[in-house]
Structure formats: structure tokens, C-alpha cells
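The next block holds one structure in the form of C-alpha cells; read it before the comments.
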Amino acid sequence: MAANDIIRIHRVNFYYGAVRALTDISMQFEKNKVTALIGPSGCGKSTLLRLLNRMNDLIDGTRVEGEILFEGRNIYAPQVDPVEIRRKIGMVFQKPNPFPKTIYNNITYGPRLNGVSAADLPGLVEQSLRQAVLWDEVKDILDKSAMNLSGGQQQRLCIARALAMKPDVLLMDEPTSALDPISTAKIEELVEELKRHYTIIIVTHNMQQAARISDQTAFFYLGNLIEYNKTEKIFTKPDVKQTEDYITGRFG
Amino acid sequence: MKTSEAAGVRLMRRRYLKQTIFFTLVRASALLIVLALGGVLFHIFYHGISAISWEFITRPPTDSMTKGGILPAILGTIYLTVGAIAVGLPLGIASAIYLTEYAKQGRVIRLIKVGINCLAGVPSVVFGLFGLGFFVIFLGFGSSILSGSLTLGFLILPTIIGAAEEALKGVPQTFREASLSLGVSKWQTIYRIVLPNALPGILTGSILGIGRAAGETAPIMFTAAAYFTAKLPGSIFDEVMALPYHIYVLATAGTHIEATRPIQFGTVLVLVAVVLGIDLVAIVIRGYMRRNKRW
């Protein structure tokens with residue numbers, strides 16, 4: 001294990017009821033790097049992402065085997081509080097999902113409930129919105145409903161909302177699949193910027209996106225991790241034929 | 001060629017005819033419902049308006065309830081309805097939160113839901129007798145606003161649970177996920193995000209319950225309603241007159257049934273107005289809550 005691995009997955013199996021969705025997954029995520037998870041629909045990449053902040057806990061009848069170590073601690077150990085984990089591992093979803101509140105209150109919602117003092121909130125809002133490159137567009141309408149923003153702005157607001165919790169890791173589940181190309185480009189630039197401070201793990205269906213923004217790429221197929229390597233290597237000379245077939249569009 | 005064209009035209013005509021007949025039937029049924037409602041309201045208004053006066057709604061009854069007003073009954077009905085909401089709404093919302101947000105779906109939950117549906121089907125007089133046995137006698141609340149409100153609260157509970165369940169399910173799952181992903185606990189998520197977004201829907205459903213609570217006679221007959229009392233209630237342990245029971249008394253048990261017909265209709269008119277008034281308050285509150293809601 002390299003010293004700067006922030007998350008280590010060790011022999012993880014995952015089941016929805018009797019159906020096994022992930023088989024014997026072991027991998028590490030490096031700190032301050034962007035890791036892309038790719039693969040055809042149903043390959044388990046989103047399932048894996050949601051295991052990292054225990055979002056799959058919300059689904060009845062699921063079961064995890066194996067260990068997921070975050071900074072050396074197994075997040076599935078019985079004494080671990082998932083709420084605590086989610087404070088440190090933030091998430092951005094496939095569809096922008098701002099709360100039906102003002103832009104300001106969308107950002108302050110999490111920090112306020114986690115004990116950030118009221119005096120620190122305005123500064124935190126500005127800082128988070130700047131990090132998400134949304135500040136200049138919304139600084140005059142902070143008290144307006146977030147629902148009035150465009151889809152791309154909403155998604156950057158959701159990123160700002162996640163950043164306001166000052167997480168160590170940011171999980172992104174196909175964050176641009178509901179957005180137009182211009183909004184997508186903005187989010188991709190943003191990811192480049194964010195990796196200086198955060199570890200980013202991103203699920204994407206878009207090969208070019210994975211190639212453009214990630215340092216490492218993992219290819220999944222039918223619940224198995226087929227190949228995991230530097231992005232450049234995966235996209236130029238993959239070791240496994242399945243990977244090559246997928247990235248060249250021969251299946252999936 | 002010619003014959004097939006003619007056949008085509010005939011087919012089209014037949015289809016239009018069928019469509020016209022069907023649309024007419026659908027319109028007629030819609031109209032019938034409006035007419036029935038309008039007819040009832042008009043009948044009440046036509047016969048009742050002559051009894052309405054300032055005195056009628058601000059004075060207690062006099063002369064063995066053949067003259068005077070119905071103020072105690074108006075206030076009684078308002079107290080009982082508001083009391084029923086105060087009992088039914090929190091209990092109903094709490095039950096619905098448990099059923100939709102916390103409980104693991106399974107046999108126990110199905111059983112509870114069957115129980116709630118059965119409760120909705122229980123005749124109101126049974127609620128009245130339960131209220132008499134439990135609140136009035138066993139808990140010693142006597143015939144009072146408290147007993148009546150509790151009984152009516154239980155009566156409208158299934159309606160409110162049903163409405164609240166639907167409203168809670170209507171809040172997008174993505175809101176819950178977004179909140180939880182920010183390291184917010186489940187209870188905070190429900191309290192801060194789910195519930196505020198479900199409240200307008202809960203109120204809509206509860207409006208149905210309000211009408212029922214205000215209009216029922218049987219549940220309050222044994223638990224809260226007085227045949228006659230000129231004095232206004234001083235506490236929740238006092239008996240009250242109530243509009244539905246007053247109407248029942250005037251129309252069946254009074255000494256001058258024929259002579260008091262206008263008062264009976266007047267009382268019915270006031271009851272309808274009170275129910276509409278309480279509904280209106282709920283609708284205004286709902287409108288206020290809905291202002292920020294868009295998804």
C-alpha cells in the first residue's frame with residue numbers, strides 16, 4: 001500500500017438480496033488524485049461509489065462483505081457511525097438535486113446542522129461558491145431559490161454544497177450526464193481545480209471525460225474489477241482485451 | 001375503389017359518433033355531481049338564510065331552543081374541530097413518518113396498514129361508544145371538549161395518516177439522499193427536509209378530515225355534546241353544544257319540530273359555513289407553505 005492511499009478496498013463483495021452486484025473487489029484510491037470508474041450500465045461502478053460513503057445503507061436487503069478502509073479505519077465496522085463518514089466523504093449525484101431553499105441556505109444547510117457557528121457561515125458560503133466557480137454568477141441572488149438556476153448552475157451549487165462540509169473525498173456519480181456540453185466542460189475544469197485539495201472519485205459513462213480528467217481509471221464489468229491502472233495506460237495500451245473492446249466502443 | 005371510400009367514411013362517422021356519445025356521458029356525470037352539490041347547498045341556503053341574523057350567531061338559544069341564537073353550538077363545534085386536529089394531526093403525522101421513513105417494510109407494517117384501513121371503516125357511533133367508555137368514564141374526563149376532541153381526533157386519524165403517507169412518499173428520494181450525503185442524521189433529514197416539503201400535501205388530505213370532524217354527530221353525542229347549555233365553555237373539561245348534535249336535537253327530539261324548521265336550516269347553513277371557514281384557513285396556510293416549493 002502506497003503511503004498516500006486515502007481509501008483501500010479489501011476483498012469486497014456486495015449483495016442486493018440474493019444478487020451479487022460486486023465480486024471480490026480490491027483497490028486503492030490515491031490522495032489528491034482523480035480516479036474514474038468506467039464500465040457498461042449495471043457493471044457495479046455506481047454501487048461501489050455508494051459503498052464508499054455508506055449510501056447503500058439506505059436500501060433494504062443489502063449486504064457487504066470485506067473491508068473498506070478510510071484513512072486506515074474500516075467504515076463498515078459496527079461502531080462506526082455512517083453520519084460521521086458522510087461528513088468526510090461528500091457526494092455529488094447524477095441529477096442536480098438542490099433543496100427547494102435559497103442558494104445561501106443550500107450551502108449552509110449541512111454546516112449549520114454540524115455545528116459551524118453562524119458568524120462563520122457567510123464566509124463559508126462565499127468560499128464554497130468560489131471553489132465551485134459559481135460565485136460570480138450568484139453573488140447577487142443568494143437569497144433566491146436554488147430552483148431558479150440552470151441545470152449546470154444547480155450541479156455546481158450541489159458541488160459547492162458538498163465542499164462546504166470540507167470533506168476529504170468527493171464522490172461524483174455521473175455528475176455531467178444530465179448537463180449540456182458547456183456545463184459539462186465547466187464541471188470538468190472544476191474537477192481539475194478541485195483535485196489540488198480533494199480526492200475525487202468519479203463514475204462516468206463518457207470515455208472522453210474519463211480520459212480527459214482522471215489520473216487513474218478502473219474498468220468494471222459484471223461486478224468485477226477488470227483492470228485498474230493509470231488513465232494514460234488504460235486508454236492507450238490496456239492489458240486486458242475486454243477493456244480495449246469497451247473503450248474502443250466494440251461493446252457496452 | 002368507390003365502395004371502399006364510402007366504407008371508410010362510414011367508419012369515420014361511426015367513430016366520431018361513439019366519441020361524441022362517450023364525451024357526453026363523461027360530461028354529464030361531471031355535471032351531475034356539481035348539480036347535486038349545488039342543489040344541496042341551494043336548498044340549505046334557500047331555507048336557512050331567513051333564520052340568519054346577527055342575533056342568531058351571537059346569542060344562546062332561548063324559549064326551549066325555539067328562539068334565540070346558536071352561539072354556544074358554533075363555538076362548541078369550532079373548539080371540537082380544532083381539538084380534533086390538535087389530536088389527530090401530530091399523531092397522524094408521527095404514525096405516517098414511522099410507517100414510511102423508519103419501519104422496515106414487511107409483515108408487521110402490512111398488518112398495521114390493514115389495521116388503519118379497518119379503523120377508517122369503523123362506524124362513527126362505535127368511536128362514540130369507545131370515547132364514552134375510555135375517555136369519559138375510564139380516564140374520568142367526563143363529557144367534555146377534551147373527550148370529544150380525543151374521540152374525533154381518533155376518528156380522523158386514518159384520513160390524516162393516509163394523506164401524510166402519500167405526501168411523505170411524494171418528497172423526492174433525491175432530497176433525502178442529498179441531505180444524508182452531507183453528514184446530516186436521518187431524524188434531522190426528516191425534520192428539516194422531508195417534513196417541510198410534505199406539509200402542504202398533508203394539509204390537503206387533512207382538510208377532508210376537518211370536514212368530517214366538524215360534521216359528525218355520533219362520536220360527540222356521548223362524549224362532548226350537551227343537549228342545551230346557555231353558558232359558554234370555560235375550560236376543556238366543560239360540556240359544549242355542537243352544531244351537528246343541535247341539528248339532530250331540533251329535528252328529532254325537540255318539542256316544536258315543525259316550528260323550528262327555519263332554525264334547523266339556519267343551523268345547517270352555519271355548520272356548512274363553519275366547515276368552509278376552517279377549510280379556508282387550512283388552504284391559506286397550505287398556500288403560504290407552497291410558495292417556496294418547486295421541484
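Values below: every heavy atom of this structure, side chains too, minus hydrogens, waters and symmetry copies. Every chain is numbered from 1, with letters handed out A, B, ... down the list of sequences.
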Please check if atom CZ in Phe45(B) has more than 12 non-hydrogen atoms from other residues, nucleotides or ligands closer than 6.0 Å. no
Work out which heavy atom in Ala178(B) is nearest to a heavy atom in Asn97(A); give both atom names and the distance. CB-ND2, 3.4 Å
Test item: Leu113(A) and Arg192(B) side chains (from C-beta on) under 4.5 Å apart, heavy atoms: yes
Closest heavy-atom pair, Asn53(A) versus Ser181(B), reported as atoms and distance to 0.1 Å, is ND2-CB, 4.4 Å
Answer with side chain, backbone, both or neither: which region of Arg54(A) has an atom nearer than 4.5 Å to a non-hydrogen atom of chain B? neither
Arg50(A), part contacting chain B, at a heavy-atom distance under 4.5 Å: side chain
Of all heavy-atom pairs between Tyr109(A) and Ser179(B), which one has the smallest distance, and what is that distance? OH-OG, 2.7 Å
Tell me if the CZ atom of Phe138(B) is crowded by more than 12 foreign heavy atoms within 6.0 Å. no
Where on Leu58(A) is there a heavy atom nearer than 4.5 Å to chain B: the side chain, the backbone, both, or neither? side chain
Is atom OH of Tyr15(A) surrounded by more than 12 heavy atoms (other residues, nucleotides or ligands) closer than 6.0 Å? yes
Region of Pro167(A) that comes under 4.5 Å of a non-hydrogen atom in chain B: neither
Quick one: what part of Met91(A) sits under 4.5 Å from any heavy atom of chain B, side chain, backbone, both or neither? both
Step through the shown structure and confirm whether more than 12 heavy atoms of other residues, nucleotides or ligands are within 6.0 Å of CZ on Arg20(A). yes
Crowded around Lys31(A) NZ? As in, over 12 foreign heavy atoms under 6.0 Å? no
Who in residues 151-165 of chain B is close to chain A, using a strict under-4.5 Å heavy-atom cut-off? none
Residue pair Phe175(B) / Pro98(A): nearest heavy atoms and the distance that separates them: CE1-O, 3.7 Å
Heavy-atom closest contact (Pro100(A) atom, Asn197(B) atom, distance): CG-OD1, 3.2 Å
I want to check something: taking the side chain as every heavy atom from C-beta on, are Ile193(B) and Lys101(A) in contact at a cut-off of under 4.5 Å? yes
Quick check on Leu171(A) against chain B: is it the side chain, the backbone, both or neither that has a heavy atom closer than 4.5 Å? neither
Chain A contact via Arg176(B) - side chain, backbone, both or neither, heavy atoms under 4.5 Å: neither
Mind listing the closest non-hydrogen atom pair of Lys104(B) and Asp60(A) along with its distance? CE-OD1, 4.1 Å
